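Okay, so here's the structure we're looking at.
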Amino acid sequence: MEAAAAEDCCVKVAVHVRPLIGDEKLQGCKDCVTVTPGKPQVQIGAHSFTFDHVYGSTASPPSSMFEECIVPLVDGLFQGYNATVLAYGQTGSGKTYTMGTGFKDGCQTGIIPQVMNALFTKIESLKHQIDFQLHVSFIEILKEEVRDLLDPTSLNKSDATSPNAGKVHVPGKPPIQIRESANGAITLAGSTEISVSTLKEMAACLEQGSLSRATGSTNMNNQSSRSHAIFTITLEQMLS
Ligand code: ADP
Ligand code: MG
């Protein structure tokens, strides 16, 4: 199908424009991005940038992001494909909000909670034919250091308000090593993988890890807020 060639590109880029938030409104800030009507395009000053999708502001409603961008990836998992959803942007631009790893807003609308719902709905519908085994891991990269957000031995020991929280190491537990194997696969040696069998268990992992991130809140001038969180779900089909 030639017409589908562009559609089938394996990397898609969507922009999520967030509204101005409290402080910005108080300071009288103005939106710096405008959406070109009817196109997946934004304008900043004299420059136009075109993407696969634009959500928020006067573009498509953010609620359609999941159906359009993520559902095909979740379906792909059941056909043996891997998928990665990456949020990229300046501190404060809404990555945590969009991914759904910031529990301070009590939000369940982010991408990861929705992926979890979709996964378990699908597993439920297949349960008479196929058994699945699920694992999750959740890590944070802060400068050169990789922290295990699901490490049971460091639970409750990280003080989220301390600027050095990311540097706390529990004695006896070596830091996670990023390794490349002979076939080029990148692995994280020593990160906790938790086996989960219910939505509730998986949601608990997301919540627990989100809370132990060194920097839950966003402060654009805070160097230590520049950390990257990676939540990984592994779906394995069990042979019966
Ligand atoms: P980042 O993770 O990129 O540093 P955050 O996700 O922490 O940014 O977002 C910064 C602030 O903006 C947070 O207070 C968050 O609740 C708010 N925010 C982000 N995106 C939206 C959105 N689409 N709608 C409303 N508030 C948002
Ligand atoms: Mg963030």
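Computed from a predicted model, the values in this text were never measured in an experiment. First listed ligand is number 1; within each ligand, the first listed atom is number 1. We number each residue from 1, following the sequence as shown.
- A donor atom on one side chain and an acceptor atom on the other are not found under 3.5 Å apart for D151 and T192.
- Looking only at distances, a side-chain donor or acceptor of E24 sits under 3.5 Å from a matching main-chain atom of I21.
- In the model, R213 has a side-chain atom that pairs as donor or acceptor with a side-chain atom of S227 under 3.5 Å.
- Residue-ligand proximity, H16 to ligand 1, at heavy-atom distances under 4.0 Å covers atoms 23 (N).
- Applying the ring pair (Phe, Tyr, Trp, His ring centres under 6.0 Å) test to F132 and every residue at least two apart in sequence or in another chain returns F78.
- Remark: distances from the non-hydrogen atoms of G92 to ligand 1 include one below 4.0 Å.
- Between the Mg ion (ligand 2) and Y97 there is no N/O/S contact shorter than 2.8 Å.
- Considering backbone and side-chain atoms together, T91 places no N or O closer than 3.5 Å to any N or O of ligand 1.
- For Q90, every heavy-atom contact with ligand 1 shorter than 4.0 Å involves the backbone, none the side chain.
- Under 4.0 angstrom from ligand 1, the non-hydrogen atoms of I21 all belong to its side chain.
- For ligand 1, the atoms lying closer than 4.0 Å to a non-hydrogen atom of G94 are 1 (P), 3 (O), 5 (P), 6 (O), 8 (O), 9 (O), 19 (C), 20 (N).
- At a 4.0 Å cut-off, at least one heavy atom of P19 sits close enough to ligand 1 to count as contact.
- When atom types are taken as modelled, the side chain of T101 and the backbone of Y97 share no donor-acceptor pair closer than 3.5 angstrom.
- By the 4.0 Å heavy-atom criterion, G89 is excluded from the residues contacting ligand 1.
- At least one donor-acceptor pair under 3.5 Å links the side chain of K95 to the backbone N or O of G89.
- Considering backbone and side-chain N/O atoms, K95 comes within less than 3.5 Å of an N/O atom of ligand 1.
- Of the charged side-chain nitrogens involved, none lies within less than 4.0 Å of a carboxylate oxygen, so that E68 and K12 do not count as a salt-bridged pair.
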